[in-house]
Structures are given as structure tokens and as C-alpha cells.
Amino acid sequence: MSADCVFCSIIKGDLPSEVVVSTDRVVAFRDIAPQAPVHVVVVPREHHTDVAALAAVDPATLADLVEVAGEVAEREADGEYRLVFNTGPDAGQSVFHAHGHVLAGRKLAWPPG
Ligand code: AMP
């Protein structure tokens, strides 16, 4: 856990969120500023700075995260979705706790902005 990390606060229950899936290794909750009708953030319970750090240290949890993302999309959007890992400030990462965005429920443009 990281003391000043917003996602660690959500995982601890110190900050409210709408949790949609909770397992022993990952938590999925609705994004506070949704960019699509379905916008769920899936995070590892343990603090890692980004997806590359998570992959290096704990690939099994990354596999769980991807599986949970697919389950959410299956349940909420018939399995059609985009899974995004913004990595680094120039790529749009603003919370430095590894997370995947599940975006679905509308036609998604390509390439992203
Ligand atoms: P990123 O910009 O890729 O790091 O994604 C961070 C995401 O976390 C953004 O889409 C934010 O809207 C979302 N976010 C920030 N604070 C909260 C919160 N308290 N509850 C839910 N989502 C949040």
C-alpha cells in the first residue's frame, strides 16, 4: 500500500467507490469520470506503479486483472470492449497505481487521441 495513492485508499475502503468485482488479487470499480457507458477500472490489490512494473513482479495478478476485465465486459457489454493501460504521463497516466480501463458500450474510435 502507498499512503498517498487514491487507488490504495479505494482498496482499503477509505475512499468510496462502486466496486463491481473483488477478488483476492484484484478489484474492479467504476471510473469516477466515465469516458464510455461502461468504464470500469481494474487494479491489483498490491501497489505497483504501472502495468509494466506489475508484469515484471507479478504476472499472475496481471493475468487475473485481464480475466476480470473480460468478465466485466462480458457481463456489461456483450464482450466487446477496449482494455487500456495508460503508462506514463505522456500516455495519459494520472494515477500511478497499475490499472486497466475497461471501456465499452459505444463505438470506440481508432486511433485513440
Ligand atoms: P489514468 O489517467 O489512466 O491514470 O486513469 C486514472 C483514472 O482513475 C481516471 O480515468 C480517473 O477518472 C479515475 N479516478 C481517479 N480517482 C478516482 C476515484 N476516486 N474513483 C474512481 N475513479 C477514479
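Start at 1 and go down the list; that is how both ligands and their atoms are numbered.
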* Asked: Would Phe7 and Val41 satisfy side chain to side chain contact (heavy atoms under 4.5 Å, CB included), going step by step from the backbone distance to the final call?
  -> CA-CA 10 Å; Phe7 289 172; Val41 179; 4.0 Å; yes
* Asked: Less than 3.5 Å between some nitrogen or oxygen of His99 and one of ligand 1, yes or no?
  -> yes
* Nearest 0.5 Å, what's the CG-CG distance between Leu65 and Leu83? -> 7.0 Å
* Between His39 and His101, what is the ring plane arrangement, given parallel below 30°, perpendicular above 60°, and tilted in between? -> tilted
* Walk me through it: do Val38 and Tyr81 pass the test side chain to side chain contact (heavy atoms under 4.5 Å, CB included)? => CA-CA 9 Å; Val38 176; Tyr81 65 109; over 6 Å; no
* Check for a donor-acceptor pair, side chain of His99 on one end and backbone N or O of Asn86 on the other, with a separation under 3.5 Å. => no
* **Residue part near ligand 1, for Gln35, under 4.0 Å between non-hydrogen atoms** => neither
* Proximal ligand 1 atoms for Asn86, defined as those under 4.0 Å from one of its heavy atoms -> 3 (O)
* Structure fact -> Residue, atom and distance of the protein heavy atom nearest atom 9 (C) of ligand 1 read Asp31 OD2, 3.3 Å
* Just how far is it from atom NE2 of His47 to atom SG of Cys5, taken to the nearest 0.5 Å? -> 5.0 Å
* Structure fact -> Counting from 1 in the order shown, the ligand 1 atoms closer than 4.0 Å to a non-hydrogen atom of Arg30 are 21 (C)
* Evaluate whether atom CG of Asp78 has more than 12 neighbouring non-hydrogen atoms of other residues, nucleotides or ligands under 6.0 angstrom away. => no
* **Modelled atom types, side-chain donor and acceptor of Thr23 and Arg45, under 3.5 Å** => no
* Min N/O separation His101 to ligand 1 under 3.5 Å -> yes
* Asked: How far apart are the C-alpha atoms of Glu76 and Arg30, what are their side-chain angles, what is the distance that settles it, and do they pass the salt bridge (Lys or Arg N to Asp or Glu O under 4.0 Å) test?
  -> CA-CA 12 Å; Glu76 301 200 11; Arg30 296 203 190 280; 2.9 Å; yes
* To do: Give yes or no for whether the N/O distance cutoff of 3.5 Å, strictly under, is met between Val95 and ligand 1.
  => yes
* Asked: Does ligand 1 have a heavy atom under 4.0 Å from the side chain of Phe96, from its backbone, from both, or from neither?
  -> neither
* What atoms of ligand 1 come within less than 4.0 Å of a heavy atom belonging to Ala33? -> 12 (O)
* To do: Have a look at ligand 1 and work out which part of Phe7, if any, has a heavy atom under 4.0 Å from it: side chain, backbone, both or neither.
  => side chain
* Which protein non-hydrogen atom lies closest to atom 17 (C) of ligand 1, naming both residue and atom, and how far is it? -> Ile32 CG2, 3.6 Å
* Asked: With a 4.0 Å cut-off on heavy atoms, is Gly92 touching ligand 1?
  -> yes
* Between Ile10 and ligand 1, which part of the residue brings a heavy atom under 4.0 Å of the ligand: side chain, backbone, both or neither? -> side chain
* Asked: Counting heavy atoms only, which part of Ser94 comes closer than 4.0 Å to ligand 1: side chain, backbone, both or neither?
  -> both
* **Within 6.0 angstrom of Glu71 CD, more than 12 heavy atoms from elsewhere** => yes
* Under a heavy-atom criterion of less than 4.0 Å, does Val41 contact ligand 1? -> no
